[in-house]
Amino acid sequence: MSDERIKLRPRDESFPKIVCLCGSTRFHKQFNDVGLRETLAGNIVLSIGAAVTTDEEHFGHLSKREMEEVKQRLDALHMHKIELADEIIILNIGGYVGESTAREIAYARELKKPLRWEGPQ
């Protein structure tokens, strides 16, 4: 991904830190809780979409192929959020890190983004 796009936004001290929340969408409540806490701390929060329940409940009406396409698009979109972020917060609830989150962590490390863990590492 092009590093030039990332450098377009202001980088001075007055610009708030951008954090990106990563983790399983099964922990949608924790995404909301951590998102609120980070917002109140003055950070810009990049998170999952408007999830209020599990993927199955959101997308269960789709065929298996359609659900996989949606998940791939959302995964790609989340990688762009990681690119924009100054710091990545991993929601490691109960020690669970799924495939998508593991890919996000690997990508964040590749980009040398600082990682902060919520829960056990």
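Cluster annotation: Leu115 and Val97 are assigned to the same hydrophobic cluster (Ile/Leu/Val/Met/Phe/Trp/Tyr, side-chain heavy-atom contacts under 4.5 Å, transitive).
Applying the 4.5 Å side-chain rule to ILVMFWY residues, one finds Leu40 in the same cluster as Leu36.
Annotation for Cys22 and Glu104: closest pair CB-OE1, 3.3 Å, computed over non-hydrogen atoms. Between Leu21 and Ser47, the closest heavy-atom pair is CD1-OG, 3.8 Å. The shortest heavy-atom contact between Ser100 and Asp75 is OG-OD2, 3.3 Å. Closest of all the heavy-atom pairs between Lys81 and Gly49 is NZ-N, 4.5 Å. Nearest heavy atoms, Lys113 versus Ala85: NZ-O, 2.5 Å.
Here Gln30 pairs with nothing under the side-chain hydrogen bond (donor to acceptor under 3.5 Å, both in side chains) rule; sequence neighbours left out. In this view, Glu68 satisfies the side-chain hydrogen bond (donor to acceptor under 3.5 Å, both in side chains) rule with no residue, not counting sequence neighbours. The salt bridge (Lys or Arg N to Asp or Glu O under 4.0 Å) check on Arg116 picks up Glu38, Glu87, with sequence neighbours excluded. The side-chain hydrogen bond (donor to acceptor under 3.5 Å, both in side chains) search around Asp33 returns Lys29, not counting sequence neighbours. Residues passing the side-chain hydrogen bond (donor to acceptor under 3.5 Å, both in side chains) test with Arg73, sequence neighbours excluded: none.
Val45 pairs in a side-chain contact (heavy atoms from CB on, under 4.5 Å) with only one of the listed residues (Ile89, Val19, Val34), which is Val19.
In this structure the side chain of Phe15 reaches within 4.5 angstrom of the side chain of Ile44, judged on heavy atoms. Between Tyr107 and Glu83, some side-chain heavy-atom pair lies under the 4.5 Å cut-off. Annotation: side chain of Cys20 is in contact with side chain of Ile88 (closest heavy-atom distance under 4.5 Å).
Rounding to the nearest 0.5 angstrom, the gap separating the NE2 atom in His78 from the CZ atom in Arg103 is 12.0 Å. Taking CZ of Arg109 as the reference point, atom CG of Leu111 lies at 12.5 Å (rounded to 0.5 Å). Taking CZ from Arg37 and CG from Asn43, the interatomic distance works out to 9.5 Å, rounded to the nearest 0.5 Å. To the nearest 0.5 Å, atom CD1 of residue Ile105 and atom CH2 of residue Trp117 are 3.5 Å apart.
Panel note: side chain Ser24, backbone Phe27; no donor-acceptor pair is recorded below 3.5 Å.
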